[in-house]
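Here the structure is laid out as structure tokens; the discussion comes afterwards.
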Number of protein chains: 2
Amino acid sequence: MAIDPTGVNQPGVRSRLSLLMALVGSAIADRGDEALRATGGLDAMDYMVLAVLDESEPGSQLELARLCGSAPGKIVGILDQLEQRGIVVRERDPHDRRRSIVRLTADGRTVLEGADAIVEGVEAELLADLTADERGQLHDLLRRIDVSRTVA
Amino acid sequence: MAIDPTGVNQPGVRSRLSLLMALVGSAIADRGDEALRATGGLDAMDYMVLAVLDESEPGSQLELARLCGSAPGKIVGILDQLEQRGIVVRERDPHDRRRSIVRLTADGRTVLEGADAIVEGVEAELLADLTADERGQLHDLLRRIDVSRTVA
DNA sequence: TATTGTTATACTCTATAACTATA
DNA sequence: TATAGTTATAGAGTATAACAATA
């Protein structure tokens, strides 16, 4: 039996925006993770770290962890593996030798581009029912949500 | 130091729609879960189950599990607790005594309404930068994404 | 004394597969 | 023999706090 014979998706949570957001977010995360593992040799968290390094320049591992929404202790193992594979490098900040400046290598940038292509493929499939214009609207709306806002 | 002095949110993932979807979905899930636990005595998964029961009529626990995107074995414990608290009831299907029909009780419906209010509060806070119209657009776009689509 | 990165420990969560009852 | 619900177990994943180096 098909889940959705009548064209109704997400049966059971359609009227609740929060649940839709959580469900769609989890769907893209799960599928992206699966595709990356199968094709790219990374996982979703690796990809997040690389994307953050591509778009920001965190001044320390702690800041990187915060930008990734991850605990400092979790980043360590991820970076260990990425560094071992030549995808990132850690350099000590000369002004404060406690800090590690993490950077993408040239190889790392190539790996990230491949990962982007894989993730965009998954994304195109999940968003197949939306026009390019609508995907742009979705992107713009999500960009305007401040996930760092403190809960009152 | 503020994360976002220039109005730029989600630094590090802004250009990647998939990561934004995953990040925003995870943010609302985490905050909803926290608020529900603190105020409502439920967690996010409990809320999902109740919402699915409210909007659908699953003919078995297996179907309920599928609608919740959860493993059958996970639903058991959740329903045990919800049933113990009088929020749901399990009845054997008279046509097939292997199946459990799960239903919200009247009390359960009241609990769900309270949970909806809590979650909507969290949602309003997270989406504070969007107008009511834009929240409607977001809802409509997400509704049109078919998370049950099979990965090719 | 405070902060950065790291490590170790304990805890939670989850997936898996057996098991019972019913079909 | 197959399916629905349940239970038990092992394994993965995570949070927490202690630790060493630097400020």
Side-chain angles (χ1 to χ4, degrees), chain A residues 1 3 22-23 26-27 29-34 36-38 42-49 52-53 56-84 88-103, chain B residues 1 3 22-23 26-27 29-34 36-38 42-49 52-53 56-84 88-103:
Chain A
M1 185 189 76
I3 289 179
L23 202 59
S26 159
D30 288 351
R31 288 165 189 226
D33 185 68
E34 191 180 1
L36 283 171
R37 283 175 195 271
L42 304 174
D43 65 17
M45 200 58 209
D46 295 329
Y47 178 62
M48 175 99 187
V49 169
V52 167
L53 290 176
S56 306
E57 293 197 348
S60 68
Q61 276 188 209
L62 280 185
E63 192 187 347
L64 172 60
R66 191 172 46 72
L67 289 172
C68 293
S70 168
K74 252 170 75 176
I75 292 289
V76 176
I78 296 170
L79 291 179
D80 286 349
Q81 293 200 318
L82 291 175
E83 193 170 29
Q84 216 166 5
V88 304
V89 284
R90 278 189 267 216
E91 301 162 12
R92 287 288 165 185
D93 181 344
H95 299 340
D96 182 346
R97 294 186 40 72
R98 291 172 304 180
R99 295 168 182 265
S100 270
I101 312 287
V102 185
R103 268 188 261 273
Chain B
M1 184 190 75
I3 288 180
L23 201 60
S26 160
D30 289 350
R31 287 165 189 225
D33 186 67
E34 191 181 1
L36 284 170
R37 282 175 195 270
L42 303 173
D43 65 17
M45 199 59 209
D46 295 329
Y47 178 62
M48 175 100 187
V49 168
V52 167
L53 290 175
S56 307
E57 293 196 349
S60 68
Q61 276 189 209
L62 281 185
E63 192 186 348
L64 173 60
R66 192 173 45 72
L67 290 171
C68 293
S70 167
K74 253 169 75 175
I75 292 291
V76 176
I78 295 170
L79 291 178
D80 286 348
Q81 292 200 317
L82 291 175
E83 193 171 28
Q84 215 167 4
V88 305
V89 284
R90 277 190 267 215
E91 301 162 12
R92 287 288 166 185
D93 180 343
H95 300 338
D96 181 345
R97 294 186 38 74
R98 291 173 305 180
R99 294 168 182 266
S100 270
I101 312 287
V102 186
R103 267 189 262 274

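Fair warning: this is a prediction, and the values are worked out from it, not measured in the lab. Quick note on labels: first sequence line is chain A, next is B, and so on, each numbered from 1.
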CG-CE distance between Leu53(A) and Met48(A), expressed to the nearest 0.5 angstrom: 10.5 Å

Distance, nearest 0.5 Å, that separates CE of Met45(B) from CG of Asp33(B): 11.0 Å

Donor-acceptor pair, side chain of Arg90(A) and main chain of Ile101(A), under 3.5 angstrom: no

Chain B footprint on DNA chain D, 5' to 3' - any atom under 4.0 Å from a heavy atom: dA2(D) to dT7(D)

Any Glu63(A) side-chain heavy atom under 4.5 Å of Arg99(A) side chain: no

Non-hydrogen side-chain atoms of Glu83(B) and Val102(B) separated by less than 4.5 Å: no

Arg98(A) vs dG5(C): side-chain N/O to OP1/OP2 distance below 4.0 Å: no

Residues Asp46(A), Arg37(A): salt bridge by 4.0 Å N-O rule: no

Interatomic distance where [atom1] belongs to [X] and [atom2] belongs to [N] [whole Å]:
{"X": "Glu83(A)", "N": "dG5(C)", "atom1": "CD", "atom2": "C1'", "result": "13 Å"}
{"X": "Leu64(A)", "N": "dT4(C)", "atom1": "CG", "atom2": "P", "result": "13 Å"}
{"X": "Arg99(B)", "N": "dT22(C)", "atom1": "CZ", "atom2": "P", "result": "15 Å"}
{"X": "Ile75(A)", "N": "dT7(C)", "atom1": "CD1", "atom2": "P", "result": "15 Å"}

Where Leu36(B) and Asp43(B) come nearest, the two heavy atoms and their spacing: CD1-O, 4.0 Å

Minimal non-hydrogen separation, Ala44(B) against Ala29(B), with atom names: CB-O, 4.5 Å

Residue closer to the 5' end of DNA chain C, Arg97(B) versus Lys74(A) (nearest nucleotide): Lys74(A)

Axis bend over the full length of the helix from dT1(C)-dA23(D) to dA23(C)-dT1(D), computed from five pairs that close each end, to 10 degrees: 0°

Most 5' of Gly59(B) and Pro94(A) on DNA chain D, judged by nearest nucleotide: Gly59(B)

